[in-house]
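Presented below is the structure to which this report refers.
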Amino acid sequence: MRNEIEEFYNLPLEEKMKYKIRQGDVEGYGTMARVGGIFDWGDKLSMITNPIHRRKPHLLPELPSSLRNNLESYILELQKLSMKLVGFMAKALKIDRKEMEEMFDDGMQSVRMTYYPPCPQPELVLGIFPHSDATGITILNQINGVDGLQIKKDGVWIPVSFLEGSLVVNVGDILEILSNGLYHSIEHRAAVNSEKERISIAFFVNPKFEAEVGPAASLINPQNPPLFRRIGMEKYFKDLFSRKLNGKSYLEHMKVQIEDGN
Ligand SMILES: O=C(O)CCC(=O)C(=O)O
Ligand SMILES: [Fe+2]
């Protein structure tokens with residue numbers, strides 16, 4: 001898949017612009033503006049891959065066929081992996097496994113490929129602004145072996161060095177909500193390199209659109225009241241994209257407020 005993704009980014013700009021993010025959309029090719037009008041130092045291609053009927057006809061179906069075929073097989077493998085991971089997490093969290101599997105089975109999934117060009121002054125830019133993923137889990141693959149991901153632990157940015165050929169799994173906001181705060185979504189960012197380009201592909205795993213995002217029913221009792229609000233998945237994503245990515249601010253927004261009377 002590495003070659004096919006590299007080939008995509010090597011296409012002439014006008015070819016890539018066929019996939020550009022259209023007005024009012026969040027999927028497609030481009031870069032994103034962050035708070036303060038800052039742009040990420042990276043070219044992204046984002047698209048929903050599941051459910052199939054939510055695929056935008058001008059994105060995945062129109063990609064060069066070798067890239068599309070590779071992506072399809074990659075997605076199938078990661079779907080299987082993600083269901084296993086979600087099952088293990090349910091067990092560890094003592095969430096009813098059925099409840100968890102039903103939510104994630106045939107869930108909303110998307111991919112984001114990012115090409116981070118080298119930057120002569122890397123200390124002045126970020127490949128991706130600090131954020132936590134709004135997802136259940138994210139499976140990251142750094143396909144050309146160049147590091148850059150950093151995670152925030154106890155207020156300090158720590159570089160993540162990928163073992164060759166390995167995937168990194170990040171806990172996203174939905175899992176923090178589902179686990180009623182037992183798991184914490186990880187705030188992360190990507191630094192860029194002065195000499196080497198970096199390419200990553202993220203696979204985002206979420207509950208189905210028909211599901212509700214909220215603390216798992218099997219965890220809630222009078223001793224463990226819900227810390228987060230419940231909201232339909234469709235609305236969860238709609239509200240997310242009406243905001244600018246900024247640290248863990250969206251998760252904060254999902255917290256139950258004292259004045260809610262909860
Ligand atoms: O490129 C990376 O390592 C991180 C990408 C990322 O955080 C994202 O796409 O949400
Ligand atoms: Fe991310």
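Indexing begins at 1, ligand by ligand and atom by atom, following the structure's order. Keep in mind the model is a prediction, meaning the values are calculated, not measured.
- Here the rule is side-chain contact (heavy atoms from CB on, under 4.5 Å) with L63, and of E4, H58, M47 only M47 fits it.
- Of the heavy atoms in T138, none comes closer than 4.0 Å to ligand 1.
- Note on E212 versus R230: salt bridge recorded, some NZ/NE/NH1/NH2 to OD/OE distance being below 4.0 Å.
- At least one heavy atom of R198 sits closer than 4.0 Å to an atom of ligand 1.
- In this structure, NE2 of H131 and NE2 of H188 enclose an angle of 90° at the Fe ion (ligand 2), rounded to 10°.
- Ranking the protein heavy atoms by distance from atom 5 (C) of ligand 1 puts Y116 OH, 3.6 Å first.
- Remark: E6 engages R2 in a salt bridge, criterion side-chain N to carboxylate O under 4.0 Å.
- Contacts with ligand 1 closer than 4.0 Å are made by side-chain heavy atoms of F204 only, the backbone lying farther away.
- Contact analysis leaves T114 out of contact with ligand 1, as no non-hydrogen atom separation drops below 4.0 angstrom.
- Ligand 1 has no atom lying under 4.0 Å from any heavy atom of K44.
- Residue contacts with ligand 1 for H188 involve side-chain atoms from C-beta outward but no N, CA, C or O (heavy atoms, distance under 4.0 Å).
- Checked by atom type, the side-chain pair Y74/N141 shows a donor-acceptor distance below 3.5 Å.
- Residues D173 and S185 have side chains that bring a donor and an acceptor to within less than 3.5 angstrom of each other.
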